[in-house]
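Structure first, then comments.
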Amino acid sequence: MKAERENNPDDVDAMLAPVYDSVDYDEGIMTVLYEVMPWESNRVGILHGGITGTMMDHTAASAIFVFLGYWCPTVDMDVKFLRQMRVGDRLCCKARVIHIGRRFISASAEMFDEESGRITATALFTYANGASSIGQ
């Protein structure tokens, strides 16, 4: 994943500058760290909701990649925004692979303020399984 980001520095996933922190293979959890950068903020200086969703989607999709070995396209995402984050804040996103089916994969994610540990957003995702060649 790191090499893919380095080879494609203009891709959104690379621009988010994720730091892959840990993987718990027994629990199906991956943790990724992010720092809110100026380009990710909205006009009042808080993290843009679309970027929050993108960070969470990237974390969940990365977890699936780690466990299956291929990328799967997002079919559905439901994000709940709980707290605002500002430029310079550090975020910790934990994604869990809930179910791997023949056609679909379910995953969840929680985003935390790294300093306080408070949840800033939650999300549920559905990915299409076996469709990693779409768009390539």
Side-chain angles (χ1 to χ4, degrees):
M1 289 185 298
K2 184 178 177 184
E4 188 174 317
R5 279 194 357 253
E6 290 171 356
N7 292 333
N8 300 291
D10 294 330
D11 286 356
V12 170
D13 289 337
M15 293 171 59
L16 294 173
V19 175
Y20 303 103
D21 185 54
S22 65
V23 175
D24 181 333
Y25 290 95
D26 294 330
E27 297 294 324
I29 296 173
M30 182 171 195
T31 303
V32 178
L33 307 175
Y34 300 93
E35 184 171 332
V36 180
M37 295 179 275
W39 73 268
E40 298 168 331
S41 68
N42 63 19
R43 65 186 174 281
V44 295
I46 60 173
L47 179 61
H48 190 284
I51 299 295
T52 301
T54 301
M55 289 172 170
M56 297 176 87
D57 183 35
H58 176 78
T59 304
S62 295
I64 291 167
F65 178 81
V66 165
F67 295 112
L68 294 182
Y70 54 89
W71 294 104
C72 297
T74 308
V75 175
D76 184 59
M77 63 189 287
D78 179 18
V79 180
K80 305 295 184 209
F81 304 99
L82 306 173
R83 288 187 174 74
Q84 300 174 350
M85 299 301 293
R86 301 203 171 274
V87 172
D89 288 345
R90 292 183 46 86
L91 300 170
C92 174
C93 187
K94 291 188 179 211
R96 176 187 301 270
V97 178
I98 299 170
H99 175 77
I100 299 172
R102 196 168 49 83
R103 294 185 59 209
F104 296 104
I105 299 169
S106 298
S108 64
E110 289 185 323
M111 185 84 77
F112 301 86
D113 175 338
E114 190 177 58
E115 184 177 321
S116 70
R118 294 175 15 170
I119 296 175
T120 62
T122 63
L124 292 173
F125 298 95
T126 303
Y127 297 89
N129 193 357
S132 61
S133 63
I134 292 176
Q136 295 182 9

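The model shown is predicted, which means the values in this text are computed figures rather than measured ones.
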Identify every side-chain donor-acceptor pair in residues 40-50 under 3.5 Å, counting partners at least two apart or on other chains, and give the distances.
from: Glu40; atom 1: OE1; to: Met37; atom 2: N; distance (Å): 2.7
from: Ser41; atom 1: OG; to: Pro38; atom 2: O; distance (Å): 2.9
from: Asn42; atom 1: OD1; to: Val44; atom 2: N; distance (Å): 3.0
from: Asn42; atom 1: OD1; to: Gly45; atom 2: N; distance (Å): 3.3
from: Asn42; atom 1: OD1; to: Ile46; atom 2: N; distance (Å): 3.2
from: His48; atom 1: ND1; to: Gly50; atom 2: N; distance (Å): 2.8

Contact summary for [X] and [Y], nearest pair of heavy atoms:
| X | Y | answer |
| --- | --- | --- |
| Met85 | Val36 | CB-CG2, 4.3 Å |
| Ala63 | Phe67 | O-CD1, 2.8 Å |
| Pro18 | Tyr34 | CB-CE2, 3.6 Å |
| Tyr20 | His58 | OH-NE2, 2.8 Å |
| Phe112 | Gly117 | CD2-O, 3.3 Å |

Cluster question for you: counting only ILVMFWY and a side-chain heavy-atom cut-off of under 4.5 Å, with indirect links fine, are [X] and [Y] together?
| X | Y | value |
| --- | --- | --- |
| Val32 | Val23 | yes |
| Phe65 | Ile29 | no |
| Ile98 | Val79 | no |
| Met77 | Ile64 | yes |
| Trp39 | Leu91 | yes |

Within-4.5 Å side-chain heavy-atom neighbours: Cys93 and Met55: no

Pairwise distance [atom1]([X]) to [atom2]([Y]) - rounded to 0.5 angstrom:
| X | Y | atom1 | atom2 | answer |
| --- | --- | --- | --- | --- |
| Thr59 | Arg96 | OG1 | CZ | 14.5 Å |
| Gln84 | Asp89 | CD | CG | 10.5 Å |
| Ser62 | Trp71 | OG | CH2 | 4.0 Å |
| Asp21 | Thr31 | CG | OG1 | 5.5 Å |
| Thr122 | Asp78 | OG1 | CG | 7.5 Å |
| Glu35 | Leu16 | CD | CG | 12.5 Å |

Residue pair Tyr70 / Asn129, side-chain donor-acceptor N/O under 3.5 Å: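 Per modelled atom types, Tyr70 and Asn129 side chains form a pair under 3.5 Å.
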
Show which side-chain atoms of residues 99-109 pair as donor or acceptor with protein atoms under 3.5 Å away, not counting sequence neighbours.
none

Lys/Arg N to Asp/Glu carboxylate O, Glu115 vs Arg90, below 4.0 Å: no

Main-chain N/O of Met111 paired to Thr120 side chain as donor or acceptor, under 3.5 Å: yes

